[in-house]
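Worksheet for the structure shown next.
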Amino acid sequence: MRTDMCGRLTTADIGRTITVCGWVDRRREHGEHLAFVDLRDHTGVLQCVIDGSRDLRSEYVARMTGVVRPRPEGTVNPDLATGEVEVDVASVEILSQAEPPPFPMDERTSVDETIRLRHRYVDLRKNRMQRNLRTRAVVNSTIRRAMEEQGFVEVETPMLIASTPEGARDFVVPSRKEPGSFYALPQSPQLFKQLCMVGGIDRYYQIARCLRDEDLRADRQFEFMQLDAEASFVNQEDVFEFISRAVADVVEAVAGERPAEFPRISWSDSMERFGNDKPDTRFGMELVELTAIFEGTGARVFQADCVKGICLAGGAESLSRNQIDSLVEDCKRWGAKGLAWMRVVADDNATATLDAGVAKFLSVEESAAVIEALDAVPGDMVFLVADTRRLVQRVLGMLRLALGRPAVDEGGLKFLWVVDFPLFDALGEDGSPIPAHHPFTMVHPDDMEKLDAGGEALLDVRSQSYDLVLNGWELGSGSVRIHRSDIQGRIFELLGIGAEEARAKFGFLLDAFRFGAPPHAGFAFGIDRLTALLLGEENIREVIAFPKTQSGADPLTNAPGPLDAGQLEELGLRVIPRAT
RNA sequence: GGUCCCGUAGAUCAGUUUGGAGUGAUCGCCACCCUGUCAAGGUGGAGGCCGCGGGUUCAAAUCCCGUCGGGACCGCCA
């Protein structure tokens, strides 16, 4: 049907008779004797010169045959890859007429996203989406190659599975053959990949669709794709090696440059220095420990378990009073009692000192120590929060991001392994700990004895779980799994999960482990997130062909929608009318 | 469950703070003119439940309440 792609024709093709197919991108008509039609396919646009009149309108699909010729002198378009040539069209075939597009096809106008999604098939024709989807395909194929070269075997796991009570909210599918029973869609292939290890697959991977019925965000959709991997007879270091390899291959394939080895940070360091477990290390402004300075202070606001601060370079001038007030409000919303802010100014002796309302409560020594600890100079603004350690970390961590975070496409790619996560998040109401990851996560080898301590001391127990972070986004996480039933039993006991309950919730996995489970460890990372960050997109919807809106709707297909009475009947379902 | 921002022509926006005659602009669309344009140019034209509902008022795109839709975030996402 065609001999060439529009965007590939160059002066080397001059004299050839070619046929191209595509959409009418733009036309410039000069009466009935001459018209320029830019024909577009995914490779680019090509100027076709039509001698005579044809009714070719925007987005008509056409096939054109003609001879490639150089453009007349002075009419070369240097902005166009094909700008040195044009096609002297001999015949035009209109393959499909088209209504005017629902939004401008140029790349300059930023169109409302609902309208883009409602007409996604048109939106996909644009450069941005073409680039994004093609890059995504490169990410997928690069991952497959990297995993297979490392001996991983792709195994597909089921989409219709049993609901397990832990974790995110399940999407659920009613059973027709057994009305009143339901399948769940997988939140991840977690349990199946562990079964693969018991099954001697040795090294499993899958580019897996995961589904979680939780609220959507810029980096979260109901359905998303993960590289899911698990390997037998490996430790944490082995996992880092094979995941780093896959990620580095992807970065090299997309960005052209292979990243350096990913640095590591412990979870507790990350919390102390950045205030969260997914630090954005593209910029500084680290949280600085000030607790010791205020030990025995007279300033009541700083009499707290923990005092930390951050310093915004140049903040004394760059922040207006309104902006500061709004930051204080933000911090209160994040749980702080308040936010102490002080401008750093030069005093009469040209020494840096603090100048603002709160500063007058500080002793000279305290002011000086704060300035030194924060490495502040005149013109800077310092922010201090005093409270419990957890809250100080959280509030200053969020303030740091609000004040300093670069745009998504600035600051390069800063990968980071976060290691030594705690095994437990907190203590529940009944005093039993709540697992931070899932209950099959292996205890850190150095912390085995601490399991016996009980109570608050359990919160210091580390696990062999780890996250991969890129520019402040959690790309993925993994862990070494428990493969010994004695340790697993101990963990269940600690979690307050009785033998019966464990049997009911995870029986099939525990059964499997009785038949010879190899030590194993694994990881999973989000392909949508990685692709978006590599493309400088701040929203994963831009790298998904047919995404859903924040409310979980699809403006294109109008999903979700009601079922008719017959379907409900067959499934044994009755819809409860919405309360009004 | 919560906080904040947005909703005016097919698209992108102005007008809303401080209510006042007929809601404008640009692009696109339609018709005509035009033989070297490339975001072509020219002339003319069509196109609006100002998201929806209620309230205040002599009078509402504008103020108030509610609601729907979109977005960002907190909670949530083992």
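In what follows, chains are A, B, ... by sequence order, proteins preceding strands, each numbered from 1.
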Rounded to whole angstrom units, what separation is found between the [atom1] atom of [X] and the [atom2] atom of [N]?
{"X": "A:Arg217", "N": "B:C74", "atom1": "CZ", "atom2": "C1'", "answer": "7 Å"}
{"X": "A:Asp25", "N": "B:C27", "atom1": "CG", "atom2": "P", "answer": "18 Å"}
{"X": "A:Lys278", "N": "B:C77", "atom1": "NZ", "atom2": "P", "answer": "13 Å"}
{"X": "A:Ile540", "N": "B:G71", "atom1": "CD1", "atom2": "P", "answer": "12 Å"}
{"X": "A:Glu537", "N": "B:G71", "atom1": "CD", "atom2": "C1'", "answer": "15 Å"}
{"X": "A:Glu538", "N": "B:G71", "atom1": "CD", "atom2": "C1'", "answer": "11 Å"}
{"X": "A:His438", "N": "B:C77", "atom1": "NE2", "atom2": "C1'", "answer": "15 Å"}
{"X": "A:Glu542", "N": "B:G70", "atom1": "CD", "atom2": "C1'", "answer": "14 Å"}

Counting Watson-Crick and G-U wobble pairs only, both distances under 3.5 Å, name the nucleotide matched with [N], or none.
{"N": "B:G22", "value": "none"}
{"N": "B:C32", "value": "B:G42"}
{"N": "B:C27", "value": "B:G10"}
{"N": "B:C76", "value": "none"}
{"N": "B:G48", "value": "none"}
{"N": "B:U17", "value": "none"}
{"N": "B:A61", "value": "none"}

A:Ser432: side chain to side chain donor-acceptor pair (under 3.5 Å) partners, not counting sequence neighbours: A:Asp430

Pick the P atom in B:G51 and in B:U12, then give their distance to the nearest Å. 14 Å

Which value, in whole Å, describes the distance between the C1' atoms of nucleotides B:U8 and B:U26? 15 Å

So does [X] get a side-chain nitrogen or oxygen closer than 4.0 Å to the phosphate oxygens (OP1/OP2) of [N]?
{"X": "A:Arg405", "N": "B:C73", "result": "no"}
{"X": "A:Thr549", "N": "B:G69", "result": "no"}
{"X": "A:Arg541", "N": "B:A72", "result": "yes"}
{"X": "A:Thr114", "N": "B:G69", "result": "no"}

Verify the distance criterion only: is there a donor paired with an acceptor across the side chains of A:Tyr466 and A:Asp420 at less than 3.5 Å? no

Interatomic spacing from CD1 in A:Ile497 to NZ in A:Lys505 - rounded to 0.5 Å: 5.0 Å

Just grab all the salt bridge (Lys or Arg N to Asp or Glu O under 4.0 Å) pairs involving residues 544-555 of chain A, residues at least two apart or on different chains. A:Glu223-A:Lys548

Is a donor on one side and an acceptor on the other found under 3.5 Å between the side chain of A:Arg481 and the backbone of A:His520? no

Is the base of B:G70 touched by the side chain of A:Arg116 through a donor-acceptor pair closer than 3.5 angstrom? no

If a protein heavy atom is under 4.0 Å from the base, mark B; if only from the sugar-phosphate, S; if neither, -; do that for nucleotides 36-43 of chain B going 5' to 3'. BBBBB---

In the 5'-to-3' direction, what one-character label does each nucleotide of nucleotides 2-14 of chain B receive under the scheme B = base within less than 4.0 Å of a protein heavy atom, S = sugar-phosphate only, - = no such atom? -S------SSS--

Near RNA chain B, under 4.0 Å by heavy atom, which residues of residues 206-215 of chain A? A:Arg212, A:Glu214, A:Asp215

Sorted by number, the residues of residues 457-471 of chain A with heavy-atom contact under 4.0 Å to RNA chain B: none

Could you say whether A:Trp334 or A:Pro100 is positioned toward the 5' end of RNA chain B, judged by the nucleotide with the nearest heavy atom to each? A:Pro100

The residue, A:Gly552 or A:Asp219, whose nearest nucleotide of RNA chain B is more 5′ is A:Gly552

Show the nearest heavy-atom pair for residues A:Thr157 and A:Pro189, with the distance to one decimal. OG1-CB, 3.5 Å

Least distance between heavy atoms, A:Pro555 atom then A:Arg118 atom: O-CG, 3.8 Å

Give a yes or no on whether A:Arg390 atom CZ has more than 12 heavy-atom contacts from other residues, nucleotides or ligands under 6.0 Å away. no

So, is the end of the A:Arg400 side chain (NZ or CZ) under 6.0 Å from the ring centre of A:Phe283 and within 45° of the ring's axis? yes

